[in-house]
A.B. asks: 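Here you go, one structure.
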Amino acid sequence: MVRIDVSEARRGVVLDIEGVLYRVTDTSHTHTGRWWATYTIKGKNVVTWANNQFTYKSGTMLENADLSTMNATYLYNDGSDYSFMINDTGEIVAISSDELGDAVNYLKENLSCFVQIYNENIIGMVLPNVITYTIAQTLPGDKWNRATAGTKEATLDNGLVVQVPSHKSQWDEVSVNTMTGLVV
């Protein structure tokens, strides 16, 4: 196991807390006057999917789960499970939407990603930080109006709805940060 400082626990990291694996869903930092700073970590149990919250003093060392990752390609959704092909072996694996969490919003066919494995069981996947999509539907853009910082709603080719700059039109490409959900 690799030990990390509590300040390094970010969204998506899998921690081993008292023998149970938790995927970090949110973190917050609080510092009150001269006393210790505290970190509150919200996590989801990777087996039962129950949410839990932990509070630690700054400087606390946590156990980062010993995960292995394999390069994979997203193939399709059959209604309940999402199918991925492990690139090294050609094996097709199915991952439920519970295991994927918010990542399902960013999936599109033939997307390269990483599948996380713990004790020979698939427990999730890791998306690229930025993914490029095509705008499938939006109001017409004004390509000459780049001086104003206005945005408008757009539906991307995978069904995700985001805010895009007002000069973007249908069939334009945009890049979305998968950590924040914002167009970059």
Side-chain angles (χ1 to χ4, degrees), residues 1-74 81-82 84-89 91 93-108 111-133 151 156 158 160-163 174-184:
M1 296 263 174
V2 177
R3 295 179 62 85
I4 63 170
D5 188 84
V6 67
S7 64
E8 297 172 18
R10 303 278 186 253
R11 185 173 164 224
V13 170
V14 179
L15 299 173
D16 185 341
I17 301 174
E18 298 177 7
V20 179
L21 297 184
Y22 289 92
R23 183 177 311 279
V24 175
T25 57
D26 191 26
T27 62
S28 63
H29 173 263
T30 306
H31 186 83
T32 54
R34 293 184 283 177
W35 304 107
W36 289 88
T38 59
Y39 290 85
T40 301
I41 297 173
K42 293 181 182 177
K44 184 174 275 199
N45 185 314
V46 299
V47 176
T48 65
W49 303 110
N51 291 314
N52 210 333
Q53 183 171 309
F54 306 94
T55 303
Y56 298 101
K57 289 182 180 179
S58 63
T60 302
M61 299 301 285
L62 301 175
E63 298 288 335
N64 196 3
D66 188 20
L67 302 177
S68 61
T69 57
M70 297 187 82
N71 200 356
T73 302
Y74 170 67
D81 291 331
Y82 294 80
F84 295 83
M85 180 180 70
I86 306 297
N87 293 346
D88 294 340
T89 63
E91 176 186 2
V93 296
I95 303 176
S96 71
S97 60
D98 286 338
E99 293 170 316
L100 293 175
D102 293 338
V104 297
N105 299 325
Y106 301 102
L107 293 177
K108 67 178 191 173
L111 176 70
S112 292
C113 57
F114 293 96
V115 173
Q116 294 178 319
I117 300 169
Y118 182 77
N119 289 341
E120 299 182 17
N121 295 318
I122 295 174
I123 64 164
M125 53 105 38
V126 179
L127 291 169
N129 289 338
V130 176
I131 302 175
T132 302
Y133 299 95
T151 61
L156 304 180
N158 72 333
L160 182 65
V161 177
V162 296
Q163 292 292 317
V174 293
S175 297
V176 176
N177 181 324
T178 58
M179 298 298 275
T180 64
L182 300 174
V183 172
V184 291

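None of the values given here were measured: they were computed from a predicted structure.
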A.B. asks: Hey, can you pull the donor-acceptor pairs under 3.5 Å for the side chains in residues 37-44, sequence neighbours left out?
C.D. replies:
none

A.B. asks: Checking S96 now: which residues fulfil side chain to side chain contact (heavy atoms under 4.5 Å, CB included) with it, not counting sequence neighbours?
C.D. replies: D81, D98, E99

A.B. asks: Any donor and acceptor pair, going by atom type alone, linking the side chain of N119 with main-chain N or O of N121 inside 3.5 Å?
C.D. replies: no

A.B. asks: Quick one: does T27's side chain get under 4.5 Å of H29's, heavy atoms only?
C.D. replies: no

A.B. asks: Search all heavy atoms of T132 against all heavy atoms of S175 and return the closest pair with its distance.
C.D. replies: OG1-OG, 3.3 Å

A.B. asks: Any side-chain heavy atom of D102 sitting closer than 4.5 Å to one from R11?
C.D. replies: yes

A.B. asks: So how far is it from I122 CD1 to I86 CD1, rounded to the nearest 0.5 Å?
C.D. replies: 5.0 Å

A.B. asks: Do E63 and R3 touch side chain to side chain, with heavy atoms closer than 4.5 Å?
C.D. replies: yes

A.B. asks: Could you measure the distance from the CG atom of L100 to the CD1 atom of I123? Nearest 0.5 Å is fine.
C.D. replies: 11.5 Å

A.B. asks: Provide the closest heavy-atom pair for L111 versus P128 in the form atom of the first, atom of the second, distance.
C.D. replies: CD1-CG, 4.3 Å

A.B. asks: Kindly indicate whether the side chain of M70, heavy atoms from C-beta on, has any atom under 4.5 Å from the side chain of E91.
C.D. replies: no

A.B. asks: Sub-3.5 Å donor-acceptor pair from the side chain of Y106 to the main-chain atoms of M179, do we have one?
C.D. replies: no

A.B. asks: Donor-acceptor check, side chain of S112 to backbone of T73, threshold 3.5 angstrom: yes or no?
C.D. replies: no

A.B. asks: To the nearest 0.5 angstrom, please state how far the OH atom of Y74 sits from the CE atom of M125.
C.D. replies: 9.5 Å

A.B. asks: If you measure from CG on L15 to CG on N64, what distance do you get to the nearest 0.5 Å?
C.D. replies: 6.0 Å

A.B. asks: Can any side-chain N or O of D66 pair as donor or acceptor with the backbone N or O of V2 at less than 3.5 Å?
C.D. replies: no

A.B. asks: Using the side-chain contact (heavy atoms from CB on, under 4.5 Å) rule, take V126 and Q116 through it: C-alpha gap first, then chi angles, then the decisive distance, then the call.
C.D. replies: CA-CA 7 Å; V126 179; Q116 294 178 319; 3.4 Å; yes

A.B. asks: Quick check: closest heavy atoms across A65 and L21, and the distance to 0.1 Å?
C.D. replies: CB-CD2, 3.5 Å

A.B. asks: To the nearest 0.5 Å, how far apart are CG in L67 and CD1 in I117?
C.D. replies: 9.5 Å

A.B. asks: Measuring from N87:CG to F114:CZ, what's the distance to the nearest 0.5 Å?
C.D. replies: 9.0 Å

A.B. asks: Is there side-chain contact between L107 and L127, with at least one heavy-atom pair below 4.5 Å?
C.D. replies: yes

A.B. asks: Determine the minimum heavy-atom distance between V162 and G181, stating which atoms define it.
C.D. replies: CG1-O, 4.1 Å

A.B. asks: Quick one: closest heavy-atom pair of V115 and A72, and the distance?
C.D. replies: CG2-CB, 3.4 Å

A.B. asks: Using the test side chain to side chain contact (heavy atoms under 4.5 Å, CB included), find all partners of N45 that sit at least two apart in sequence or belong to another chain.
C.D. replies: V20, Y22, V47, T48

